[in-house]
Amino acid sequence: MNEKKNLLNEQPTNFLEQGSSSTTSDSRSYESEPNRMPLKHDLSTNSGGDNRNKQKKKDTKTEEEKEKEKDKGEFEFPKGFYYTLATEFAERFVHYSMRAILVIFLKSEIMGYTDREAIEIYHGWIAVTYFLPLLGAAIAENWIGKYKTILYFSFWMYGFGCVLLTLCARFASKFLLYLSLSMIACGCACIKPNVSSFLSDQLKKSNEHVLNRVYSLFYMMVNVGSILSMLITPSIQKYCSFWLAFLISAVLMFSAVAVFRLGKRHYTLLPVKKGLIPKFCSVIKRAIVNRRRVKQSGKYHPKRHWLDWAKIGDLDAGEEECSSILHSSGSTNFKDSQEQINEWNGFVLDVKVFIHALQIFFPLAVFWALQHQTASTWVIQAEEMDLRIKIGKINFTISPAQVIILNPILLQIMIPIFSRIVYPYLRKRGIHFTPLQRVCFGLIWASLSFVAAGILQQKIDEANESKLYWTWQIPQYVLLVISETFVAVTGLELAISQSPKSTKSLMMSVWGVTIGLGNILVSVVEEINFFTKTRDQFFFFAALMILFFFIYIFVAYNYTYSDKYRERESTNLPVANGNNNNNFDPNSSKNMVHNGFDSLSGEYKDDDILIDYSQSEDKKL
């Protein structure tokens, strides 16, 4: 009896399966010893000590195997991920096909625009493409959900927009040009913010730690699609026609819609929570109205965060008079249940974290103004160069639009080099970069790339009739890709990690808005026509990037990461202006945490790539 009690105490959870497995274990022991006669006590369920030890080892081994299978399953991507990834690849192929040849198409005899007009139209179209994601996020979050938004706008707007652009190239219609570009911009914009967040919806709690791997693969597929589009589409345009290049894009876009539809049964479709955008605006409106009413009463509390005035029944001690003012004015509804009040106040906190995070994204608009000129001013620069390629007896001329293929190719090389070689090498020597430090370093490299472009343009202008070989553009592409590795990859992850879960799609829209602002800046500079030489314009953007580099240093130095900010705001602790959270202290013992950020738990679980989110305490409060 004592042996039975001990056995139950040792393995209480496996008691039911132990009784059935002990007999199997005993029978196997007899098979391994055929000359041994079984004794009477061996046939009982309570065998001797040797059999119990064997049984315990078997149970332990079974548990270890189950744990290994569980771990293996956790590192597998959801099935719906692959359909989404294939759709994103096709959509990016179509998008970058348009970007690769649009400037050349606008300058062609078919449309007849000048260089400046073509650059203005191109960057204006890109700006609209990245501004409208706010509309796409609102539609998905409030009405039809992410899946239907991606499906409908891909088919009706994106796909048929490509068809109209094909007709435009065939019949040289400027009306069809603007109509098709508007439809493509709307379709692309409405699905872009939802694809990224739809991808994260496919991850369960058990495999959230693969977030970094998911988005690394996602970003890599974006660049694979862009590489193939920049290689294939300009060749079709050069050796066949523009309308055929656009027609292939239309067919591929409809194919992407079909692939995405096929994966529906594998998707995790979250229910639509109506009212995100209206609810977000209600928080802002409520905070402004309540703050103004209390301030007019003379009972204003200056130390409160202005968004705290949107909360219900959450006033600090000593503010009973403010509470009575809001209650009398009807601004605070004390009839709501406590659960509703907590939900509302929690969303107010999400809005505070969201608005707090905006400061690290908007200064990046200048970076995007530089990066997106690879398909406009840099293509026009390539047109003035010798585009022949000689490999032995092979001699052919490439399209100027194909030179920009250097960007995604180099990016595919740089991302694994930095993540697998550069960052681990620096960590071993005690050098740890925070994400904001990486972004700052990237801005420097972007400026240097346009310095190189300006110097090359000066050499082209001085060359007169002789043309420089196109490979002289490679250095500026290398510098820009290093910059993009620091800024774009890290910035995309910051957009996910620094946003509350309830506003994730909205933050991806803001990420797109910064890109749109950068393109508007280029269009404005072209419209002003202040620079008579392209060389001077390149140097202007290089200087502007340096200026915003210093601005970003100031912003990053005073920025508090969202998990620490949320913790502080949720406990109603004041956050002083100009506080120093040691973002730029690479030797802080609390700096190094893992990539694959979970914005709810504040944990990083990916062991492959480390990202340095500072968790050190603020020195000023």
Side-chain angles (χ1 to χ4, degrees), residues 134 137-138 140-143 145-146 193 197 200-201 203-205 208 211 268 270-291 294 301 303-317 319 322-323 326-327 330-361 494-510 559-575 597-604 613 615 618:
L134 288 171
E141 297 286 354
N142 291 279
W143 293 292
K146 299 171 187 175
S197 56
S200 65
D201 291 344
L203 297 176
K204 300 178 181 179
K205 285 287 184 180
E208 281 185 345
L211 177 66
T268 300
L270 301 181
V272 178
K273 295 182 179 180
K274 294 183 179 296
L276 175 62
I277 301 298
K279 190 176 180 181
F280 184 91
C281 295
S282 296
V283 170
I284 304 297
K285 179 182 178 181
R286 184 188 184 96
I288 294 174
V289 171
N290 288 353
R291 182 173 178 265
V294 173
H301 195 301
K303 292 184 179 181
R304 293 181 58 86
H305 189 286
W306 68 276
L307 279 174
D308 285 337
W309 294 112
K311 292 183 178 180
I312 300 176
D314 190 31
L315 300 176
D316 293 337
E319 294 187 344
C322 297
S323 175
L326 297 178
H327 179 62
S331 297
T332 304
N333 184 6
F334 292 102
K335 295 181 180 179
D336 292 337
S337 66
Q338 190 60 44
E339 183 179 353
Q340 292 175 317
I341 292 175
N342 292 338
E343 181 182 354
W344 172 264
N345 290 344
F347 184 73
V348 172
L349 179 58
D350 286 348
V351 174
K352 289 168 65 176
V353 175
F354 174 84
I355 293 178
H356 169 74
L358 294 181
Q359 59 184 301
I360 63 174
F361 295 110
L494 281 171
I496 294 295
S497 65
Q498 296 302 291
S499 173
K501 191 173 183 179
S502 62
T503 59
K504 196 174 294 183
S505 293
L506 195 59
M507 181 59 78
M508 293 308 300
S509 300
V510 170
Y559 180 74
T560 303
Y561 285 105
S562 63
D563 57 330
K564 181 63 66 177
Y565 183 81
R566 172 182 287 275
E567 178 184 349
R568 197 178 288 118
E569 287 297 310
S570 62
T571 55
N572 289 326
L573 291 178
V575 180
F597 179 73
D598 181 0
S599 61
L600 295 181
S601 65
E603 296 178 355
Y604 298 78
Y613 280 80
Q615 301 293 323
D618 293 346

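Just so we're clear, the structure is a prediction, and the values are computed from it rather than from any experiment.
- Side-chain N or O atoms of H356 include none that pairs as donor or acceptor with a backbone N or O of R566 at under 3.5 Å.
- Looking at residues two or more places apart in sequence or on another chain, you find a side chain to side chain contact (heavy atoms under 4.5 Å, CB included) between E343 and K279.
- Residue F347 holds its CZ atom at 7.0 Å from OG1 of T503, rounded to the nearest 0.5 Å.
- Here the shortest heavy-atom pairing between S562 and S497 reads OG-O, 3.6 Å.
- A140 meets the side chain to side chain contact (heavy atoms under 4.5 Å, CB included) test with K146, T149, N194; sequence neighbours excluded.
- Under the 30°/60° scheme for interplanar angles, the aromatic rings of Y561 and Y559 are found to stand perpendicular.
- When side chains are defined from C-beta on, L307 does not count as touching L349, because their heavy atoms never get closer than 4.5 Å.
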TODO: Kindly determine whether E567 and T560 satisfy side chain to side chain contact (heavy atoms under 4.5 Å, CB included), including the steps that lead there.
DONE: CA-CA 11 Å; E567 178 184 349; T560 303; over 6 Å; no
TODO: Kindly indicate, with the supporting measurements, whether the criterion side chain to side chain contact (heavy atoms under 4.5 Å, CB included) is fulfilled by W306 and I288.
DONE: CA-CA 8 Å; W306 68 276; I288 294 174; 4.1 Å; yes
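- Atom CH2 of W143 sits about 8.5 Å away from atom CD1 of I277, to the nearest 0.5 Å.
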Open item on the list: Pair V353, Y565 - check side chain to side chain contact (heavy atoms under 4.5 Å, CB included), show working.
Closed with: CA-CA 7 Å; V353 175; Y565 183 81; 4.0 Å; yes
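- Residues satisfying the side chain to side chain contact (heavy atoms under 4.5 Å, CB included) criterion with L358, sequence neighbours excluded, are F354, F362, M507, V510.
- Atom CD in E569 sits 12.0 Å away from atom CG in D350 (nearest 0.5 Å).
- Taking CZ of R568 as the reference point, atom CG of D563 lies at 10.0 Å (rounded to 0.5 Å).
- Taking a cutoff of 4.0 Å between a charged side-chain nitrogen and a carboxylate oxygen, D308 and K352 qualify as a salt bridge.
- For T268, the side chain to side chain contact (heavy atoms under 4.5 Å, CB included) test picks out Q202, L270, with sequence neighbours left out.
- Counting only heavy atoms from C-beta outward, the side chains of W344 and S282 approach each other to under 4.5 Å.
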